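Data block below; observations after.
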Amino acid sequence: MAEDTLRADAERNRRLIIDAATRILGREPEASVQEVVDESGVGRTTFYRHFPNRDELLEAVTEEVMDRARRRAAEATIVAGDPETSIRNLSRALLDVGFEWGPLIASREGASEAFEAAKVSDESPTLIFLDEGRERGELRTDFPRDWMRSLVQAVALTAIEQVAAGDVTRADAYRYAADTLISALLPAR
Amino acid sequence: MGDEGSQRRDALANRQAVIDAAAEVLREDPEATMVEIAEQAGLGRSTIYRHFASRDELFAALVTDVAARSIERTGEIVARGVGLEQTLRAIAELSIEIGLRYPFLHALHREALPVVRPLIREGETPFVAYMAAAQERGELRSDQPVRWIASVQNAVTIAMVGDVLSRRFERAEAARILGDSLVAMAVAR
């Protein structure tokens, strides 16, 4: 009984820390751990018991962001029989993830197992969308499906970078990314 | 005056020689240290350090050098004045060739962005100028700015080079798929 309470407390504290860390580091990857400690409302000792160093905290935040990204992408409305609308919805979800957590994701490139795993995960909503679309004949099948995933990632990344650099507005980015992917993924005329 | 000029030319020629020699060594041994590069390239240690204070500086110079070379060779392709599709396919082949020649630089492609992006933004590469002309002629899609199209072509190309380097695709297949992708995303409908 006491053990259950301890475990529940530990879980609750971990959740408080990760939510706070995702809010702060997701927006500003260079923010101090102290800021996160303060925001989490958890005591300093408890905090460091869960996350003894910055690296472990960053990796936990990365996992959390990858999880949220997957959920957002999975919520994108895929319409059987309408690949264009489906692509618009999926690419919008991916761009929104990038707009929200871009700086963090960019800073984790090459430094995070969670990030690398997500890029090639078999459970990604993007992959599921590609597989189903190809099966229904709505998407091209003359490209390897892994390449089609790379295409989606490259186009989304370009959109996010262009917006971050101020070269393109978000509204335009949604449109350009979707239109580009539609031309690249639908069966060749 | 003349003496100063020829001294400067010598220094530049030597710098280029060091860059070329370093590339040779790194192709075989991407982990080579400055000292190892100097030894294996038959350069004196003082020679290499006279031009590059650190390994990071040497790599930065390599990235800039390869970017400049790619821009130049792409310029040769677009100067042939053949149709958009043929041009893009030739550029796809070239990009993979260059990517395979400098595998040790691929991980640093993000470092090239600050060099390349302003050139794209100002329309100052032969490729962007060519794309602008192709858009005027009605060959290139007109629903997106040239700057966006060029950026996405660049990003997708880099993604394919990465996939080839991690052996996900064979070179010949990669060139075909990349060519098809670039054409699909570019042609006017």
Side-chain angles (χ1 to χ4, degrees), chain A residues 84 87 91 94-95 98 102-103 105-111 116 119-120 126 139-189, chain B residues 85 88 92 95 106-114 116-123 128 140-170 173-189:
Chain A
E84 294 202 12
I87 289 173
S91 89
L94 295 174
L95 259 55
I105 295 172
S107 75
R108 298 298 285 159
E109 172 100 46
E116 299 306 314
K119 273 199 251 177
V120 299
T126 300
L139 300 179
R140 70 192 304 163
T141 50
D142 58 337
F143 284 170
R145 151 268 236 182
D146 284 341
W147 170 243
M148 289 167 81
R149 174 180 24 199
S150 292
L151 266 174
V152 172
Q153 288 171 351
V155 172
L157 196 58
T158 302
I160 293 158
E161 283 175 349
Q162 291 263 295
V163 169
D167 286 338
V168 144
T169 65
R170 273 197 202 188
D172 283 342
Y174 288 132
R175 190 158 48 91
Y176 298 159
D179 287 343
T180 302
L181 285 173
I182 286 167
S183 59
L185 300 178
L186 260 51
R189 308 274 164 88
Chain B
E85 183 163 338
L88 291 178
S95 305
H106 180 74
L108 298 175
H109 70 258
R110 312 209 78 76
E111 264 70 339
L113 269 178
V116 170
R117 187 184 287 133
L119 297 177
I120 292 181
R121 193 180 286 139
E122 306 310 320
V128 175
L140 181 73
R141 67 193 300 165
S142 55
D143 59 337
Q144 296 172 351
V146 169
R147 196 157 72 189
W148 162 265
I149 300 174
S151 298
V152 107
Q153 297 263 317
N154 196 45
V156 165
T157 300
I158 288 170
M160 180 52 96
V161 169
D163 281 352
V164 171
L165 289 175
S166 32
R167 304 203 179 291
R168 224 167 273 151
F169 302 118
E170 286 296 309
E173 182 194 15
R176 176 186 65 81
I177 295 169
L178 179 60
D180 286 349
S181 304
L182 298 183
V183 168
M185 298 184 308
V187 295
R189 293 192 178 237

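In what follows, chains are A, B, ... by sequence order, proteins preceding strands, each numbered from 1. As the structure is a prediction and not an experimental result, all values here were calculated from the model.
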What part of [X] is in contact with chain B, defined as an atom under 4.5 angstrom from a non-hydrogen atom: side chain, backbone, both or neither?
X        : result
A:Ala188 : neither
A:Ala106 : neither
A:Gln153 : neither
A:Phe143 : side chain

Write down the atom of [X], the atom of [Y], and the distance for their closest heavy-atom approach.
X        : Y        : answer
A:Val120 : B:Arg168 : CG1-NH2, 4.2 Å
B:Arg147 : A:Gln162 : O-OE1, 4.4 Å
A:Arg175 : B:Asp143 : NH1-O, 4.2 Å
B:Ser181 : A:Trp147 : OG-NE1, 2.9 Å

- Query: Between the side chains of A:Ser183 and B:Arg141, does any donor sit under 3.5 Å from an acceptor?
  - Reply: yes

- Item | Test side-chain hydrogen bond (donor to acceptor under 3.5 Å, both in side chains) applied to B:Trp148 and A:Thr180, A:Thr158, A:Asp179, the passing residue | A:Thr180

- Among A:Leu186, A:Asp167, A:Leu151, which residue forms the greatest number of heavy-atom pairs with chain B at distances under 4.5 Å? A:Asp167

- Message: Heavy-atom pairs under 4.5 Å with chain A: which of B:Asp163, B:Val187, B:Val183 has the most?
- Response: B:Asp163

- Item | CA sep, side-chain torsions, deciding dist, call: B:Ser151, A:Glu161, side-chain contact (heavy atoms from CB on, under 4.5 Å) | CA-CA 10 Å; B:Ser151 298; A:Glu161 283 175 349; over 6 Å; no

- Query: With a cut-off of 6.0 Å (strictly less than), are more than 12 heavy atoms of other residues, nucleotides or ligands near CZ of B:Arg167?
  - Reply: no

